[in-house]
Number of protein chains: 2
Amino acid sequence: MKRNTLASLIWVRITRFTHQSALLSNDFLKSFDITAAQFDVLNQIGTYQPLSQSELAEKITISAGGISRMLSRLERDGYIQRTSEWKTKWISLTDKGEAKLESVFEHQLAFQTSLMEDCLSREEQKTLYKLMTKVQRHTEKELGQ
Amino acid sequence: MKRNTLASLIWVRITRFTHQSALLSNDFLKSFDITAAQFDVLNQIGTYQPLSQSELAEKITISAGGISRMLSRLERDGYIQRTSEWKTKWISLTDKGEAKLESVFEHQLAFQTSLMEDCLSREEQKTLYKLMTKVQRHTEKELGQ
DNA sequence: AATCTTTATTTGACTAGTCAATTGATCAAG
DNA sequence: CTTGATCAATTGACTAGTCAAATAAAGATT
């Protein structure tokens with residue numbers, strides 16, 4: 001039996017990279033007392049607030065249940081608030097959340113950037129971006145039908 | 001403040017792809033009554049058995065605790081066995097595990113392959129593989145030091 | 001033989017997520 | 001009004017993983 005294809009090898013590389021870079025990222029963010037997943041959510045809220053829970057879930061491709069739990073933790077830690085104004089429940093950052101995002105943002109950006117720049121040229125990065133965009137869009141489309 | 005870099009955009013694409021393709025994959029594997037993570041582990045064991053728990057953990061870049069829990073579930077479901085021969089604990093597939101791997105393998109391979117081939121040419125796949133290998137190797141190296 | 005060190009594995013307390021069933025609230029008729 | 005339909009959010013029961021502390025099992029040292 002054929003043990004693998006080019007596609008499956010790509011798959012493994014991408015999966016391992018995601019997992020390993022998450023470990024690295026979490027380790028790095030530890031000093032800011034926040035996790036990579038939490039940062040991702042705070043960042044989205046910061047960019048699009050105010051927004052509803054389902055809009056947020058959609059943006060980060062997470063289930064309704066998943067976002068509910070994540071927001072409970074962030075609310076418990078005082079980073080976000082859920083205000084039930086009129087008929088919709090809006091999510092927004094608290095001052096504490098805003099400050100946290102502000103203080104972490106540039107470091108996280110620099111961290112991600114250096115990890116790529118350490119091993120890929122500008123041209124290679126452009127190519128990788130183009131290819132990953134293609135495949136991610138395709139997967140997203142598949143998922144939606 | 002600069003909101004992002006090319007590297008951070010790549011990051012988002014890769015992360016979203018991994019998450020979305022895992023959803024797709026799990027959905028597909030549902031009919032085989034197995035998850036993508038379990039398949040990954042069974043596949044590694046099938047390829048390298050017999051091997052110790054820590055060797056396996058190393059191969060899939062998972063923590064010792066993580067592999068312990070995963071193997072407990074796989075053992076509970078009858079897919080693997082842990083035999084304490086002489087002084088080392090060896091992991092291997094049971095007949096049921098072997099059969100499961102055998103029956104799922106080609107489908108999963110075809111699934112992964114088609115998702116890539118649907119949107120990338122052969123040349124693009126080669127390029128993507130080369131670039132992802134570079135960045136994954138780099139991340140792995142970072143992680144190890 | 002008895003203790004000490006090392007290395008492998010497990011376990012407790014979490015985060016992060018899934019799916020499916022339930023609960024809640026708003027609106028559109030009957 | 002009340003009775004459903006609809007859509008949002010929560011919750012229960014899981015999987016999958018982390019880190020750190022606790023155990024286990026050998027092997028080496030005194």
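Naming: A, B, ... by sequence-line order, numbering from 1 per chain. Both backbone and side-chain heavy atoms feed into the values below; hydrogens, waters and symmetry mates do not.
Ion pair Glu140(A)/Arg137(A) not flagged as a salt bridge, since none of the NZ, NE, NH1 or NH2 atoms sits closer than 4.0 Å to an Asp/Glu carboxylate oxygen. Remark: Lys134(B) engages Glu124(A) in a salt bridge, criterion side-chain N to carboxylate O under 4.0 Å.
One distance of note links CD of Gln136(A) with OG1 of Thr61(A); it measures 7.0 Å at 0.5 Å rounding. In this structure, CG in Leu93(B) is found 11.5 Å from OH in Tyr79(B), a value given to the nearest 0.5 Å.
Applying the salt bridge (charged side-chain N to carboxylate O under 4.0 Å, His left out) criterion to Lys100(A), with sequence neighbours excluded, gives no partner residue. Evaluation of the ring-ring contact (aromatic ring centres under 6.0 Å, His included) rule for Phe17(A) yields Trp11(B) as partners, not counting sequence neighbours. Evaluation of the salt bridge (charged side-chain N to carboxylate O under 4.0 Å, His left out) rule for Arg16(A) yields Asp40(B) as partners, not counting sequence neighbours.
Between Arg73(B) atom CZ and dC14(D) atom P there is a gap of 13 Å when expressed in whole angstrom units. Whole-Å rounding puts the Ile80(B) CD1 to dT9(C) P distance at 12 Å. Rounding to whole angstrom units, CG of residue Asp33(B) and P of dT18(C) are separated by 20 Å. Spacing between atom CD1 of Ile62(B) and atom C1' of dA16(C) amounts to 14 Å, rounded to whole angstrom units. Atom CD1 in Ile91(B) sits roughly 11 Å away from atom C1' in dA8(C) (whole-Å rounding). Distance CG (Asp40(B)) to P (dT15(D)): 18 Å, rounded to an integer number of Å. Atom CG in Leu74(B) sits about 16 Å away from atom C1' in dT10(C), given to the nearest Å. For Arg76(A) and dA13(C), the CZ to C1' distance is 12 Å, given to the nearest whole Å.
If one axis is set at each end of the helix from dA1(C)-dT30(D) to dG30(C)-dC1(D) from five pairs, those axes are 30° apart, to 10°.
For Ser63(A) and dC19(C), the shortest distance from a side-chain N or O to OP1 or OP2 is not below 4.0 Å.
For Lys96(A), the NZ atom counts as densely surrounded, since its 6.0 Å shell holds more than 12 non-hydrogen atoms of other residues, nucleotides or ligands.
Taking a 4.0 Å limit (strictly below) on heavy-atom distances, residues 10-32 of chain A does not reach DNA chain C anywhere.
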Using a cutoff of under 3.5 Å, can you pull out all pairs of nitrogen or oxygen atoms linking the protein to nucleotides 7-10 of chain D, with atom names and distances?
| unit_1 | atom_1 | unit_2 | atom_2 | d |
| --- | --- | --- | --- | --- |
| dA9(D) | OP2 | Ser54(A) | N | 3.0 |
| dA9(D) | OP2 | Ser54(A) | OG | 3.3 |
| dT10(D) | OP1 | Arg82(A) | NH1 | 3.3 |
| dT10(D) | OP1 | Lys89(A) | NZ | 3.4 |
| dT10(D) | OP2 | Gln53(A) | OE1 | 3.4 |
| dT10(D) | OP2 | Gln53(A) | NE2 | 2.5 |
| dT10(D) | OP2 | Ser68(A) | OG | 2.9 |
| dT10(D) | OP2 | Arg82(A) | NH1 | 3.0 |

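A distance-only check finds no donor-acceptor pair linking the side chain of Gln44(A) to the backbone of Lys59(A) [under 3.5 Å].
Looking at Ser8(B) and Arg13(B), their side chains never bring a donor and an acceptor atom within 3.5 Å of each other.
Within the 4.5 Å cutoff, the side chain of Ile67(A) has heavy atoms near those of the Ile60(A) side chain.
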